[in-house]
Amino acid sequence: MQPKKYSYHAMTLYIAIITLNLLSNGVLLSSTPSPAKFLPKDTIGYVSFENFNQIQEKFKNTSIGLFIDSPEMKPMMDNINTFLKPKIDEMFDEISKETNIEMTASTMPFPQGQATLAFFVKPRQFELPDYSSLADQNLTNEQWQKIDPASLPKIEETLDDYQVLGWFEFGDQIDTFKKILNKAEKSENMQALHKTKKNIRNTPFKIFKSDPGQDEKYDTLCYGFKDDMFIISSSTHYIREVLSRMDGNGADSLASDNHYRKLEKIISTKDFTVCADIKKTIRAIAQFSGGGLKLTNEKIDRTLTLLGLNNTTWLGWNYQIKPNKQIDFQTKMLLGIDGERKGILDIITPISSTYKISPTMTKNVSNILVAHYDLSAIYPKILDLVTKVSGQNIEPFIQSSLAMTADPATGRPAVDLQKDIIGQFTSPLTMTVEIAKPFNILDMQRILVTIQLKDGEVFDQTLNRLHAQFIAMGNKELKNELLGTNIYIIPGLDINLSEDPGSPDKVQFGFAVIDNLFIYGHTNNIEQILRNQRRNNTPMITSDPLYQHVFKSVPDRAGIFFYDNSDKYMEYTWWMISETQKAQNNSSESVEANPLINLSSDAVFKMIADAIGKDINFTNLPPYDSIKKYFGAAAGYGKVIPEGLYFEGHYSPLP
């Protein structure tokens with residue numbers, strides 16, 4: 001089984017390489033007000049770019065932007081552009097044929113200022129066929145399929161109707177966009193719709209609907225222009241709502257909502273923002289996925305209360321590019337909570353504690369996640385929540401299984417779940433990923449998960465009994481000993497490049513107790529940590545200058561800490577691309593047959609592999625040492641604040 005490892009920085013890099021040249025250049029526009037000032041209070045969420053042009057210009061000045069435009073990457077970028085151009089031209093040719101719009105990548109207008117897409121849920125009366133009138137007829141599936149819904153009696157139901165509205169500032173490209181839209185209206189699909197015109201707050205809008213008698217408040221396509229702004233919606237009602245606020249009507253807006261104001265004050269709305277009212281969003285999802293089952297708001301509210309989510313308010317995520325000279329990318333997120341934390345909220349709330357270095361945090365580590373949770377205190381809460389939701393207490397079933405560990409001959413009692421297992425866990429829980437040279441596909445993602453223990457010796461005795469009873473079951477090869485420490489192997493989770501089960505090219509997974517630390521991961525990495533502990537001279541992550549640079553702004557105390565070294569990961573990516581290119585050049589087999597790709601769970605490598613040997617020549621990649629200076633690391637934290645659970649992170653290279 002291959003552990004999953006995803007690097008958002010690597011994904012961002014790859015997508016940026018592919019799409020950067022699609023974006024148009026333009027003059028920077030002035031910042032626009034928060035979209036919340038224009039949105040009504042019943043908004044359930046929105047996605048917003050503060051200023052497209054500004055984001056583009058900021059990105060060019062980041063280390064990743066400089067990397068893409070660097071002289072070292074020019075041969076590679078020229079090769080990518082040569083590959084992309086005919087595909088892009090083909091895509092726009094298809095669009096032109098289908099929509100009757102003459103369009104190319106160079107003439108396609110992009111928003112230049114703010115772009116916002118908002119979502120709403122509005123109750124609506126529906127007249128539906130009453131299938132319940134046939135419940136006592138014992139119809140077969142074939143008979144059900146032949147029923148004409150129009151022949152059934154009708155019932156009225158009040159269900160949520162989903163609406164969307166967006167506005168996009170096009171600046172000096174607005175005339176080009178209007179011409180394209182006018183051509184689109186002449187397409188066959190648009191000509192088949194019933195079209196009317198209507199002024200909404202002195203602004204002309206076109207309304208398209210399939211049924212002339214259809215209520216234009218619902219299921220319509222409405223769009224128009226206000227100055228250089230394109231506005232489109234599925235409802236004239238929300239167009240009127242937004243325009244009234246844009247005209248300074250003064251009506252209550254989302255910005256006047258107390259919970260939203262707290263959110264915006266903490267995360268801001270600069271560059272790129274995603275916000276959602278949690279309870280309204282859950283209701284909308286529940287209604288949408290309910291199918292024929294009528295899920296009333298009362299039923300959904302009862303479920304929210306049961307799960308402890310009734311005290312949630314807004315969830316907001318903000319991403320800023322180049323907020324200052326030292327930071328390239330910064331992200332902030334808030335899960336708003338108003339009131340007591342119960343259920344899920346209580347379980348996910350971390351403990352504020354001091355950040356400490358674990359023995360697994362060596363200098364080769366590329367990723368670190370430290371979460372401060374008292375697992376022994378959390379377990380009863382999880383058990384209580386599962387019991388409430390399922391209506392069944394699972395603890396007796398667990399204890400009955402553990403009863404098998406008792407030894408009547410010696411009078412040794414069975415392992416006690418709460419006392420011997422859960423009760424031994426304490427804070428923190430740590431996950432590390434090591435990417436060390438020389439790179440090897442078998443242990444490319446050396447993940448170790450550790451949990452602090454109250455008494456390591458006692459817990460090891462418990463592990464010994466559990467492993468012997470439920471895992472090893474007499475197989476002595478599933479347990480090793482090194483330097484006086486037991487290493488317990490879990491069968492069936494190993495990775496093997498060869499079809500030979502006895503191949504030395506194999507990685508096994510297992511767990512061990514080292515001092516007062518429970519460790520799970522690759523057994524070879526567990527052994528290395530054990531040797532490091534005994535030598536006591538292993539360079540730790542704190543000696544890495546990049547770690548020191550990005551971690552200096554992280555507070556000493558928090559509930560969660562994280563670190564992500566993109567420099568190490570990108571160097572490994574360079575090696576992976578090179579090895580994949582070599583394998584493809586030296587083999588007649590397909591890329592998919594390459595074991596290097598099959599073992600990789602990373603989507604970046606999948607995309608790269610798909611291109612290798614087909615269209616893009618990755619031998620044009622420069623040596624990693626020549627572009628190493630462009631990559632850095634990310635660090636951040638999460639903690640409890642009065643408004644809820646707050647997370648903040650930033651990415652930057654070495655100065």
Side-chain angles (χ1 to χ4, degrees), residues 29 32-49 52 95 98-101 103 108-125 160-255:
L29 302 179
T32 52
S34 164
K37 294 182 181 296
F38 305 139
L39 294 171
K41 273 192 171 183
D42 62 346
T43 303
I44 68 169
Y46 71 85
V47 178
S48 182
F49 290 88
F52 260 102
I95 294 175
E98 292 181 6
T99 62
N100 195 31
I101 304 172
M103 191 186 308
M108 176 67 181
F110 285 89
Q112 295 188 345
Q114 189 180 83
T116 298
L117 196 63
F119 307 92
F120 317 89
V121 173
K122 194 175 183 65
R124 179 185 177 188
Q125 287 291 123
D160 285 337
D161 193 64
Y162 309 100
Q163 305 289 348
V164 62
L165 179 141
W167 68 83
F168 308 88
E169 294 179 349
F170 278 89
D172 57 13
Q173 295 193 36
I174 190 67
D175 290 337
T176 303
F177 184 76
K178 286 181 178 179
K179 292 177 182 178
I180 291 174
L181 204 58
N182 287 334
K183 289 184 178 181
E185 291 178 11
K186 297 177 182 178
S187 66
E188 183 177 345
N189 291 335
M190 294 294 286
Q191 288 290 328
L193 297 175
H194 179 74
K195 182 175 73 173
T196 58
K197 294 182 179 180
K198 185 176 184 179
N199 280 349
I200 304 176
R201 296 194 65 84
N202 299 319
T203 302
F205 278 83
K206 296 178 181 179
I207 302 171
F208 296 83
K209 47 190 175 181
S210 55
D211 181 2
Q214 181 177 311
D215 186 346
E216 64 188 29
K217 290 184 179 180
Y218 304 104
D219 302 324
T220 57
L221 174 63
C222 326
Y223 56 78
F225 295 90
K226 181 178 176 65
D227 301 325
D228 66 346
M229 183 185 298
F230 172 63
I231 302 174
I232 184 169
S233 179
S234 59
S235 168
T236 56
H237 169 77
Y238 285 107
I239 290 178
R240 187 175 292 105
E241 288 281 306
V242 169
L243 284 179
S244 66
R245 291 167 179 81
M246 288 183 174
D247 292 338
N249 180 269
D252 281 348
S253 67
L254 180 59

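Heavy-atom basis, side chains included; hydrogens, waters and symmetry copies ignored.
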> When you compare the side chain of K197 with that of P204, does any pair of heavy atoms fall below 4.5 Å?
no
> For residues 37-44, tabulate all N or O donor-acceptor pairs below 3.5 Å that involve a side-chain atom, not counting sequence neighbours.
from : atom 1 : to   : atom 2 : distance (Å)
D42  : OD2    : Y238 : OH     : 2.9
T43  : OG1    : P40  : O      : 2.7

> For E169 and F52, indicate whether the former's side chain and the latter's backbone hold a donor-acceptor pair under 3.5 Å.
no
> Strictly by ring-ring contact (aromatic ring centres under 6.0 Å, His included), give each pair with a member in residues 180-206 just once, sequence neighbours left out.
none
> Hey, are the side chains of W167 and K226 touching, using non-hydrogen atoms and a 4.5 Å cut-off?
no
> Does the side chain to side chain contact (heavy atoms under 4.5 Å, CB included) test come out yes or no for F230 and F177, once each step is laid out?
CA-CA 9 Å; F230 172 63; F177 184 76; 3.5 Å; yes
> Hey, mind stepping through I200 and L243 against side chain to side chain contact (heavy atoms under 4.5 Å, CB included) and telling me if it holds?
CA-CA 8 Å; I200 304 176; L243 284 179; 4.1 Å; yes
> Give the minimum heavy-atom separation between F110 and Q173, together with the two atoms involved.
N-OE1, 3.3 Å
> Evaluate the criterion side chain to side chain contact (heavy atoms under 4.5 Å, CB included) for residue pair F170 and D228; output intermediate values, then yes/no.
CA-CA 6 Å; F170 278 89; D228 66 346; 5.5 Å; no
> Run through L165, L254, L117 and flag the one making a side-chain contact (heavy atoms from CB on, under 4.5 Å) with Y46.
L254
> Identify the residue among I232, I231, I207 that makes a side-chain contact (heavy atoms from CB on, under 4.5 Å) with Y223.
I232
> Taking atom NZ as the centre, does K178 end up with more than 12 heavy-atom neighbours from other residues, nucleotides or ligands that are less than 6.0 angstrom away?
yes
> Is there a donor-acceptor contact under 3.5 Å from the side chain of S234 to the main chain of V164?
yes
> Is the closest side-chain heavy-atom distance between H237 and Q163 below 4.5 Å?
no
> For atom CG of N182, is the number of surrounding heavy atoms from other residues, nucleotides or ligands below 6.0 Å larger than 12?
yes
> Tell me which pairs pass salt bridge (Lys or Arg N to Asp or Glu O under 4.0 Å) where either residue lies in residues 199-208, with sequence neighbours left out.
E185-K206, R201-D247
